[in-house]
Amino acid sequence: MSEIDVDRPNPARIYDYLLGGSHSFAVDRRFAEEMVRVDPIVRPAARANREFLRRAVRAVQGLGIRQFLDLGAGLPTMGNVHEIAQREDPGARVLYVDNDPVAVAHSRNIIEREHISHVSAEQADARDVDAVLDLARRDLDLSQPVAVLMVALLHFVPDDDHPVDLVERYRDAVVPGSALALTHVTRDGQGEHVTEVYEAYRSRATSRLVDRSRDQVAELLAGWEPLDPGISWAPSWRPDGPAGPFAGEPSASGIYAAVGVRPA
Ligand SMILES: C[S@@+](CC[C@H](N)C(=O)[O-])C[C@H]1O[C@@H](n2cnc3c(N)ncnc32)[C@H](O)[C@@H]1O
């Protein structure tokens, strides 16, 4: 496993802290609190992202999908993919992939401690598609549909790493009927103050944060047929509970969400 960087705030641990998890270091917590002071929407937006993940997992299960390739899976906190999926389908398979060693170690710990079947966690860079697909071939059955989850991942993939091609390579590796679920931060409709958040990530965190417009998110989804309601603000993608802090103003989340299916 690669070195753990405890001197710089790390996205997996910042997000875990924002969700109320307990796997962060002081440097992550200080950074997260600073971001919350700059933009108080950061915390409810993290929750809205996580809630979308739950609804997306349920939606693709409704299509008959029983396997999940969770890229940028993050730290195991509330509402992990295997918990959601296996509640409905105890045989559901999940491969968690993250490039953060802390996230992977905690996931493995839970899997072993709780004797969870059909679930594995691997450290890999989602941009190294060949390596990830080797793992997926080992742990999943790529002759059957797979849900590829890129939830809050692609905004950590800069343009230089060609995120459109990246998504396309995963699409080509899965059979028709497979699905892609993604969320992505945007500055569309956001105030100028969010610049400070992006700048803080760029200058201090282990990964910078890259916002993309709705059109750019649509490019990422090329070749996937979006399920209704298409690209939406995360809180508005098939909501199934009280509207919460984004009632009437889902754009304030600053997060686009979509689920697409690979057509035949
Ligand atoms: C904000 S968290 C999202 C966690 C989870 N997907 C969710 O939405 O609830 C983003 C995760 O992506 C991971 N990540 C960032 N860049 C990555 C890459 N190139 N390969 C694999 N994981 C990556 C981070 O370590 C972090 O755990």
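Computation of the quantities below employed the complete heavy-atom set of this structure, encompassing side-chain atoms and omitting hydrogens, waters and symmetry-equivalent molecules. For ligands, and for the atoms within them, numbers begin at 1 and follow the listed sequence.
Residue Ala73 holds the heavy atom nearest to atom 5 (C) of ligand 1 of all those in Pro11, Ala73, Gly74, Ala152.
For Ala124, the heavy-atom gap to ligand 1 drops under 4.0 angstrom. For Val97, the heavy-atom gap to ligand 1 stays at 4.0 angstrom or more.
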Stepwise side chain to side chain donor-acceptor pair (under 3.5 Å) test for Ser143 and Asp141: CA-CA 5 Å; Ser143 72; Asp141 176 359; 2.6 Å; yes

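Cation-pi contact between Arg208 and Tyr198: absent, since separation from the ring centre below 6.0 Å together with deviation from the ring axis within 45° is not met.
Ring-plane geometry between His106 and His23 is classed as parallel, the angle between the planes falling under 30 degrees on a 0 to 90 degree scale with a further cut at 60.
Considering both main-chain and side-chain atoms, Leu75 never comes within under 3.5 Å of ligand 1 through any nitrogen or oxygen pair. Inclusion of Tyr15 in the set of residues having an N or O under 3.5 Å from an N or O of ligand 1 is warranted. Residue contacts with ligand 1: Arg50 is placed with a nitrogen or oxygen under 3.5 Å of a nitrogen or oxygen of the ligand (distance criterion only). Any N or O atom pair closer than 3.5 Å counts here, and Val151 shares at least one such pair with ligand 1. The N/O atoms of Asn10, backbone and side chain alike, include none that comes under 3.5 Å of an N/O atom in ligand 1.
Counting atoms of ligand 1 from 1 in the listed order, those under 4.0 Å from a heavy atom of Asp100 are 25 (O).
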